[in-house]
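Here the structure is laid out as structure tokens; the discussion comes afterwards.
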Amino acid sequence: MNSLSWAIFVPLFAAFLITTDAIVRERSQRTERISGSAGDVLEDNPVGRLKVFVYELPSKYNKKILQKDPRCLNHMFAAEIFMHRFLLTSPVRTLNPEEADWFYTPVYTTCDLTPNGLPLPFKSPRMMRSAIQLISSNWPYWNRTEGADHFFVVPHDFGACFHYQEEKAIERGILPLLQRATLVQTFGQRNHVCLKEGSITIPPYAPPQKMHAHLIPEKTPRSIFVYFRGLFYDVGNDPEGGYYARGARAAVWENFKDNPLFDISTEHPTTYYEDMQRAVFCLCPLGWAPWSPRLVEAVIFGCIPVIIADDIVLPFADAIPWEEIGVFLDEKDVANLDTILTSIPLEMILRKQRLLANPSMKQAMLFPQPAQPGDAFHQVLNGLARKLPHDRSVYLKAGEKILNWTAGPVGDLKPW
């Protein structure tokens, strides 16, 4: 944008902010119900519609792993821990496996952390294989369907492919023993080998108490147009700079680092959450995987998410009207981001903000303790309930086998 364009545009944007703040203050108590089937799904109550049997595994698969490194309680993959805790006390739990609709195997596959707190997925396939061998040896329920009525929480970057680098995740593919099971995972990308049909896509974990502790008054003006904090280049893992985020984050930095409408930086200030509540738009670009915790943060703090991740499958897409609350930008169009955002009509922005203010939508993005009606736990249960009843074809005939227990990399076959 040349100097003449800036001279014209900046005053226009200042007027935009003043107008927006005036209308937002006037309507600050208004929210908008999600209409149609999405709203019905969001407010649905799964209790009474399904029963879940929770396998009791030796603590080496879960509790002991957490005791070794309590940091797992706060990282973005912690949904596997809190889903386990929730199900142990949920009214959908049954102690009688004969009446169960679903079977759940609690394995904490993301709790092997580096000193920097990053999960190492390399042991995960052996852990999962070991757990499946255990339940198939001690209970009859896995063997009658080879897992078709079982679900597993696998919140790695690339789900049950169990690797944080996409090329190697694709090469590995989904763990063969999980091919018939339903996967509950954060990763979602259309037409990708690491997302199997029928998976339930969930939001990454964000500590609810931490989020609520940073809330500021609703009438605070949104004086930041575009906000982002995070990496633009992952020099350590992608020294040439062309693979990380498929170049989308680098393009944001190169095109808008000097643009006064963009508050973007690699610095992560202590006011990060407060700043999001002062912003109109929050960038949610892909990183190594398409999704980002910023999706959750943006919804909770009423900042319109700008989703830059081609073919992304978003959390609870049948309940959250992402097209109505967010802005979707093709990765190839990042250079036009300023033009695209400034051309959105004011009334459309205000409607997105009213939808974001809906408490039920915010609730659906969090895993609170204790659980609350309509939260992410219940949205997972809703997803499981909608897959019932199981088709009779999932039950195998006596002696019939479909899954190959010896498939996969040789290293995965080692005992755990």
side-chain hydrogen bond (donor to acceptor under 3.5 Å, both in side chains) partners of [X], counting only residues at least two apart:
X    : result
T145 : D149
S343 : none
E331 : R246

Do the charged groups of [X] and [Y] touch, with an N to O distance under 4.0 Å?
X    : Y    : value
K352 : E347 : no
R386 : D318 : yes
R49  : D44  : yes

Please check this pair: side chain of [X] against backbone of [Y], looking for a donor-acceptor N/O pair closer than 3.5 Å.
X    : Y    : value
R172 : C161 : yes
R294 : C282 : no
K51  : W102 : no
K196 : A181 : yes
S136 : I132 : yes

Step through it carefully: locate the ring centre of [X], locate the ring centre of [Y], and say whether they are under 6.0 Å apart.
X    : Y    : value
Y61  : W416 : yes
H150 : Y141 : no
H75  : F77  : yes
H84  : Y108 : yes
H390 : Y395 : no
F281 : Y227 : no

Can you confirm whether [X] is buried at [atom1], in the sense that more than 12 heavy atoms of other residues, nucleotides or ligands lie under 6.0 Å from that atom?
X    : atom1 : result
E267 : CD    : no
N404 : CG    : yes
K123 : NZ    : no
E56  : CD    : no
E171 : CD    : no
K257 : NZ    : yes

Step by step, would you call N358 with S360 a side chain to side chain donor-acceptor pair (under 3.5 Å)?
CA-CA 6 Å; N358 188 313; S360 64; 2.6 Å; yes

Any chance you could lay out the side chain to side chain donor-acceptor pair (under 3.5 Å) test for S265 and D263, step after step, and finish with the verdict?
CA-CA 7 Å; S265 172; D263 189 345; over 6 Å; no

Sequence-distant partners of D375, salt bridge (Lys or Arg N to Asp or Glu O under 4.0 Å), two or more places apart:
none

Between F232 and W253, what is the ring plane arrangement, given parallel below 30°, perpendicular above 60°, and tilted in between?
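The arrangement is tilted - the two ring planes meet at 30° to 60°.
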
So which atom in [X] and which in [Y] form the shortest heavy-atom distance, rounded to 0.1 Å?
X    : Y    : value
P290 : A309 : O-CB, 3.6 Å
P315 : I202 : CB-C, 3.6 Å
I300 : K362 : O-NZ, 3.0 Å
E146 : I402 : OE1-N, 2.7 Å

Could you give the distance from CZ (R249) to CD1 (I308), rounded to the nearest 0.5 Å?
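Atom-to-atom, R249:CZ and I308:CD1 are 9.5 Å apart.
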
With rounding to the nearest 0.5 Å, note down the distance linking CD1 in I307 to CD in E323.
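The CD atom of E323 is 8.0 Å from CD1 of I307, to the nearest 0.5 Å.
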
Qualifying residues under disulfide (SG to SG under 2.5 Å), relative to C284, sequence neighbours excluded
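By the disulfide (SG to SG under 2.5 Å) rule, C284 matches no residue at all.
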
Taking the side chain as everything from C-beta on, heavy atoms only, tell me whether [X] gets closer than 4.5 Å to [Y].
X    : Y    : result
F262 : D338 : yes
E99  : T94  : yes
V226 : L341 : yes

Take D234 and W288, measure what side chain to side chain donor-acceptor pair (under 3.5 Å) needs, and give me the verdict at the end.
CA-CA 9 Å; D234 188 347; W288 284 114; 2.8 Å; yes

Between F86 and H378, is a ring-ring contact (aromatic ring centres under 6.0 Å, His included) present by the stated rule, with each step listed?
CA-CA 10 Å; F86 163 72; H378 289 86; 5.4 Å; yes

Identify which one of W291, F377, F82 satisfies the ring-ring contact (aromatic ring centres under 6.0 Å, His included) criterion when paired with Y205.
F82

Which pairs count as ring-ring contact (aromatic ring centres under 6.0 Å, His included) when at least one residue sits in residues 339-358, sequence neighbours excluded?
none

Candidates I81, I65, D112, T110 - the one meeting side-chain contact (heavy atoms from CB on, under 4.5 Å) with C72:
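Between C72 and the candidates, side-chain contact (heavy atoms from CB on, under 4.5 Å) is satisfied uniquely by I81.
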
For a side-chain contact (heavy atoms from CB on, under 4.5 Å) check, start with the C-alpha distance between R229 and M276, then their side-chain angles and the critical distance, and finish with the verdict.
CA-CA 10 Å; R229 291 294 185 271; M276 291 188 81; over 6 Å; no

For a ring-ring contact (aromatic ring centres under 6.0 Å, His included) check, start with the C-alpha distance between H214 and Y272, then their side-chain angles and the critical distance, and finish with the verdict.
CA-CA 9 Å; H214 289 268; Y272 174 68; 9.2 Å; no

